[in-house]
Each structure stands twice: as C-alpha cells, then as structure tokens.
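In this text, all values refer to a predicted model and were calculated from it rather than measured experimentally. Lettering follows sequence order; numbering is per chain, from 1.
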There are 2 protein chains.
Amino acid sequence: MGDEAEPAVSLAHRVPDLGALELLLAVARLGSLGRAARARGISQPAASSRIRSMERQLGVALVERSPRGSRLTDAGALVTDWARRVVEAAEAFDAGAQALRGRRDSRLRVAASMTIAEYLLPGWLIALRAQRPGTAVSLLAGNSRAVAERLLTGAADLGFVEGLEVPEGLDGTVIGHDRLIVVAAPSHPWTRRRTELTAAELAATPLILRERGSGTRQVLDAALARHGGLAAPLLELASTTAVKAAVVSEAAPSVLSELAVGEELTARRLVEIPVRGLRLGRELRAVWPAGQRPAGPARQLLGLTRPTA
Amino acid sequence: MGDEAEPAVSLAHRVPDLGALELLLAVARLGSLGRAARARGISQPAASSRIRSMERQLGVALVERSPRGSRLTDAGALVTDWARRVVEAAEAFDAGAQALRGRRDSRLRVAASMTIAEYLLPGWLIALRAQRPGTAVSLLAGNSRAVAERLLTGAADLGFVEGLEVPEGLDGTVIGHDRLIVVAAPSHPWTRRRTELTAAELAATPLILRERGSGTRQVLDAALARHGGLAAPLLELASTTAVKAAVVSEAAPSVLSELAVGEELTARRLVEIPVRGLRLGRELRAVWPAGQRPAGPARQLLGLTRPTA
DNA sequence: CTCTGCACATAAACCCAGCTTATGCCCTCA
DNA sequence: TGAGGGCATAAGCTGGGTTTATGTGCAGAG
C-alpha cells in the first residue's frame, strides 16, 4: 500500500475546530450569538467572528442574523447536526482520555478488555458523568487475565470482559452480547450469493484476520474446528482497523466483532455475509471479586451498562 | 431548563484538535514521527512537539519513542481508536459540507430528505469520493415535495426520500428501511415492564414529539389511528435533537426514527420499548424522473446505497 | 414619537499555539 | 567507524482568535 496520497489540504483545514462546532451548537440551542457567547465563556464579538469565519470556510450561510436574535438556516441545521456528531465523538474521546489518566485517588477504578474499553466504555462514562458529576474514574485496559488480576489484587473495583466464561475467583453478570460476523467489501462476490454461505465454506476460505492470540481469533478457531478448521489466513494484521481497511481494499472477507463494524455496515463500506448455522456469539460481562457485590460508584456504573435495572 | 452549567473549560481545551488527532493516526499507521510528519506535510519537529503537547494535555504517554521509530503504547492504541472516531465524524462533516456548498458546476446534484441527508448521505459521499475522487456533488435538503420538484425541473439528478409512496412523476427503488421505534430514558418505568406494551397503551400515553407536519409525526398518526388515535403530546419540539434531550430528562417516552437514535441506544442513553403488533416501518427510496434511469455519477452513487449490486 | 434594551458588526491591539529552520545526540547497520 | 534514520532542543516568526471599545438597527414601552 505505502503512503497513500493525503488530501492537498488536511481535514483540519476544511473542518472548523471543536470550539467553533461547540459554539454553533450553542447558537442553535440558544437562538442568539450573544447568549451562545456567554454560555461558552467568550465575548460576543468573538462568537460573531468565529461563526462568520466558519461560514466563510464552508462557503455556506449558517445563521440568519436579525436584530432580535439568530436562527439557523436550513443548511445551518444540517451542518449543526453533522457538527453534533463530531462533538459527541470528541466527548467520548474526552471521557475515555480522562479515565486513562488514571489518578490514584480515583473513586472508581475500572479494568476492561480492549473491545469494551474502545467501543462501549466511553459512552458509559459520559452517562455516569451526567448522573454523578465529579466521580473520578480510572481505566486500565487489558486482556481477561489482566482484568482478573487487577480485581483480585484490589487494584480495580469493577471489570469488564468479553468471553465464554467468568475468570476464576470472580463473580459477574452478563451485560450484553457481541457477535462475530463475516464481513466483505460490497464488491465481493459473496455479497451477491443467492444461497447462504455454509460454515464449511467459510472455514475453507483464506480470510484476513487479526493475528493469532486475539480474542476474536480464538473464538473463531473454536467455532470452526468441527467444520474442518480454519484455512490459513490470507493476511494477518495487528489491529482491527488494519483488518477493516484490508477487507475494503483487498477484496477478501474477514470475521470481526459486530461492535467494531457497526459504523461500516450502516455506511455500507462493509457488508455482513450471513452464514448458515454458525453462531459466533460471546457474552459481555461485568465482573468483580467473588462475594464482593459492587457498591457505590461501581454499582452506579454497572446500572448504566444494563438495558434494564 | 435554561443555561445549563457549561464545563469549566470547554471540550476544545481538553481534546486535541483535529490536526493533532490526524497526526496521531498517521504515527500509528506509519510507525515513526518523521514519516507521519512528512505524510501530513509538516516538519519533523512540529510533529514531535505536537504529539508531545498532546501527551501533556492528556496526561498519558501515547507513543514509545526509540531511535528506530515510534510505536503506540497500550494507552496510545486506545486513544488512537477513540481519535479515529472523531476523525471519521469530521470526515462525514467535511463530505456533507462540501456538497452543501453546492457549486453550479457540480457533476452530480442530489436532493434528499432531511433524515437521509443527516444520517446516511455523508457516508455515501465518502464512499463515492473513495471510488471516484473528483466527482463534485451538490446537495439540497428538503421534504419530499421539494425533492420531487427539483428532480422534475431538472435541478437535481438524483433524489432520496423516506415515506410510503413514490411521488408523482418519479421512478424509484427501495434502498433501505427505516423504522420508528418507541424510546424512553433508561429510568422510565416502561423499561422494566414484563409484558409488552400494546399499541393502544402507546396511543393513550402523552408523548414527546416533533411538531405536527414532520414526516415522523405523520407516519405515527396514521399507524395509531385505529388504536384510538394519538393522545395529545406532552411536549412538541422543533428538532429531533431537542426531542431526544427531552426524553432523557423529562422521563416521558417518544417515537423516533431508528436512524436518529442508533447512537443513543448503543450508549444506553435511551432504551427501545418494544410494542406488540405495531409496525412503523417506512421505506427509504432513491428516486429520479420517470423514465430517466440514473447514469454516470448518479448511477455510481445509487450503487453505493444498496446492500448488493 | 422618543427612549431604552437587546442583538449584531466593526476596529484596533494583543497574545500565544504551532510552524519552520538549524543543529545536536543516539542508536543501528554495513 | 562512518553513514543514515530518528527524535529532541532552540530561536524566531506568523496568524487566528481574543478582548475592549464603540457603532448601527430594530422593537416595544412609556
């Protein structure tokens, strides 16, 4: 692959910065540049100029100014919606990063598997912050063994693992399900099959996979063992992202966690290939030292992770 | 509600800017600060300092520097994954904004309903750009009537609408389905029901809704007509976002498009309430003037919107 | 019919984050 | 042991974003 051609001018130059996007959301919410400025803690002229330069940058009028306030234009409403998604992603980033800072005096110390830390935890932390602002959370991400160890040595209060069973010495509860699914590029022949793929066919096909040792790989190996075992992979890559990129461009399928490809599926960058009679589910569990039911902030967080109380 | 307390220091001050996040992704991909710097078109010291200040800001070591290159630390890998989501949201923003600029010489003029423009189109545009870089797309967002008019007057080449039937004078094809779902805050009693909600109960409950006239509202009205008709809404709001916020805080349920609440459902900020025997589906359609099958870029885009060719 | 209040715009001056160029140190490999 | 790749430090510059101060336009009250 090598260095792909980067865009002539980077995203950062074509997309307003986070401060500007937050300001736009405030304008949409409050209906006036001045009020938005006050809410964001800047002066009114600063807000005015910032919105204006954003309009210049995008080449679209975003707000309709009047002596009685400002309303979004139609285009502005659309831009604001897209901006909201950027800001939400940034909020998740912030929530995660803050937990990662991992200060010793945190009131709640969480240990989580990579997949959960990556895809689910930031959202939970945002919800937790909404309910109990000021709860300092620290996060340590690692595999199931590392999570168990932290809990057993008292270095963590609550753990999250994905896998088939609860590690020795821990109690736990199922908080959700993940599913490994077969994905391919939209151009791949499998997306046009009229008959469902069989497990044996899948097993016989060289796939693009994570390297041996990843949780995903283990589950897949186990599930396909009685269908002839997994064929030699076409490509073994170190990160889920690299795998996704390769699936899109190399035109070979892969098997990935539903959590990891949700975005790609709805955007149709990838397509799920149903496989007859193959269930690649795995449970997502919250875990804690046997006998010590979570209390305080841990209990609060636990409540957020389950569909119903 | 009023002006809620904004955080003491805004997101923009706690989250590195897009340029820094892009740089981090480049470092992750290329394995060296210098190469990443070159790829992003800046000098090596600039990259070094930027990564360093990001580490200082987050309070976490992100890359392990060595005389032979730089690798991500464990925390760095996690941060990079979260960063990727921010950058992806920014890419969607950019793709949408660029189309909105709507230059007259665009090779492909698209008219789309708000929902589709907001949630689906940016992803399609990114995919289109990947396949056919340089295809200038312009976007006009409006309701079904506006879309139809643009197509019939030749002001647009391809349209997207959600609804029950194809507007007069247009041909179309179904490209997907949307579903209206009942949602409530996780704390709402409905999330703890043991028996499924019935359509009649739903109809009898005051909901938080979009204002009369929105597509969502129309479909809901029609579906509940034979279950006693919709009760007077508890609250009528102008934007989907306002409705979502109200559902979370006011503890009353609402009915919203699946597309609009996907994020909230996975983050458990909202919970879907199943309703027995109520199907609130609506089709998403690509449309074009009757008899004029899409060709060229329009055909290309159309191909991206469907699960299989 | 004018006065007051609110909202946005303009102008001038300032500050700092981030960039570049120049240079040095460290490690590896031939 | 010399060459090259990789990162760090230093010094100087630039521009975007900010503030304060002030001006304009409109609405509604008196």
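For A:Glu22 and D:dG17, the CD to P distance is 14 Å, given to the nearest whole Å. Straight-line distance from the CZ atom of A:Arg40 to the P atom of D:dG17: 15 Å, rounded to whole Å. Distance A:Leu23 CG to D:dG17 P: 11 Å, rounded to the nearest Å. Between B:Arg35 atom CZ and D:dC7 atom P there is a gap of 8 Å when expressed in whole angstrom units. Distance B:Leu18 CG to D:dG16 C1': 16 Å, rounded to the nearest Å. The distance between atom CZ of B:Arg38 and atom C1' of D:dC7, rounded to the nearest whole Å, is 13 Å.
If B:Gly31 and A:Ile42 are placed on DNA chain D by their nearest nucleotide, the residue sitting closer to the 5' end is B:Gly31.
Residues satisfying the side-chain contact (heavy atoms from CB on, under 4.5 Å) test with B:Ser43, not counting sequence neighbours, are B:Pro45, B:Ala46. Every side-chain contact (heavy atoms from CB on, under 4.5 Å) that B:Ala20 has, sequence neighbours left out, goes to B:Pro16, B:Asp17, B:Arg50, B:Met54. Applying the salt bridge (charged side-chain N to carboxylate O under 4.0 Å, His left out) criterion to B:Arg210, with sequence neighbours excluded, gives no partner residue. Listed by chain and number, the residues in a side-chain contact (heavy atoms from CB on, under 4.5 Å) with A:Ser48 are A:Leu33, A:Gln44 (sequence neighbours excluded). Judged as a salt bridge (charged side-chain N to carboxylate O under 4.0 Å, His left out), and not counting sequence neighbours, B:Arg150 has no contacts. Here A:Arg85 pairs with nothing under the salt bridge (charged side-chain N to carboxylate O under 4.0 Å, His left out) rule; sequence neighbours left out. By the salt bridge (charged side-chain N to carboxylate O under 4.0 Å, His left out) test, B:Glu236 is found to be paired with B:Arg217, residues two or more places apart in sequence or in another chain being considered.
For residues 110-119 of chain A, every residue pair satisfying the side chain to side chain donor-acceptor pair (under 3.5 Å) rule, not counting sequence neighbours, is listed here: A:Ser113-A:Glu162, A:Thr115-A:Glu162.
No side-chain N or O of A:Arg101 forms a donor-acceptor pair with one of A:Ser138 less than 3.5 Å apart. Between the side chains of A:Arg129 and A:Thr135, no donor N or O sits under 3.5 Å from an acceptor N or O.
Comparing the helix axis at one end of the helix from C:dC1-D:dG30 to C:dA30-D:dT1 with that at the other, each defined from 5 consecutive pairs, gives an inter-axis angle of 20° (nearest 10°).
Of the residues in residues 47-65 of chain B, those lying under 4.0 Å from DNA chain C by heavy-atom distance are B:Arg50.
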Contact state string [nucleotides 21-30 of chain C, B base, S sugar-phosphate only, - no protein heavy atom under 4.0 Å]: BB----SS--
When the side chains of residues 57-65 of chain A are checked against the rest of the protein, which donor-acceptor pairs come out under 3.5 Å, sequence neighbours left out?
from, atom 1, to, atom 2, distance (Å)
A:Gln57, NE2, A:His13, O, 2.8
A:Arg65, NH2, A:Glu55, OE1, 2.3
A:Arg65, NH2, A:Glu55, OE2, 3.1

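Regarding contacts with the backbone of C:dC8, a side-chain N or O of A:Ser70 is found under 4.0 angstrom from either OP1 or OP2.
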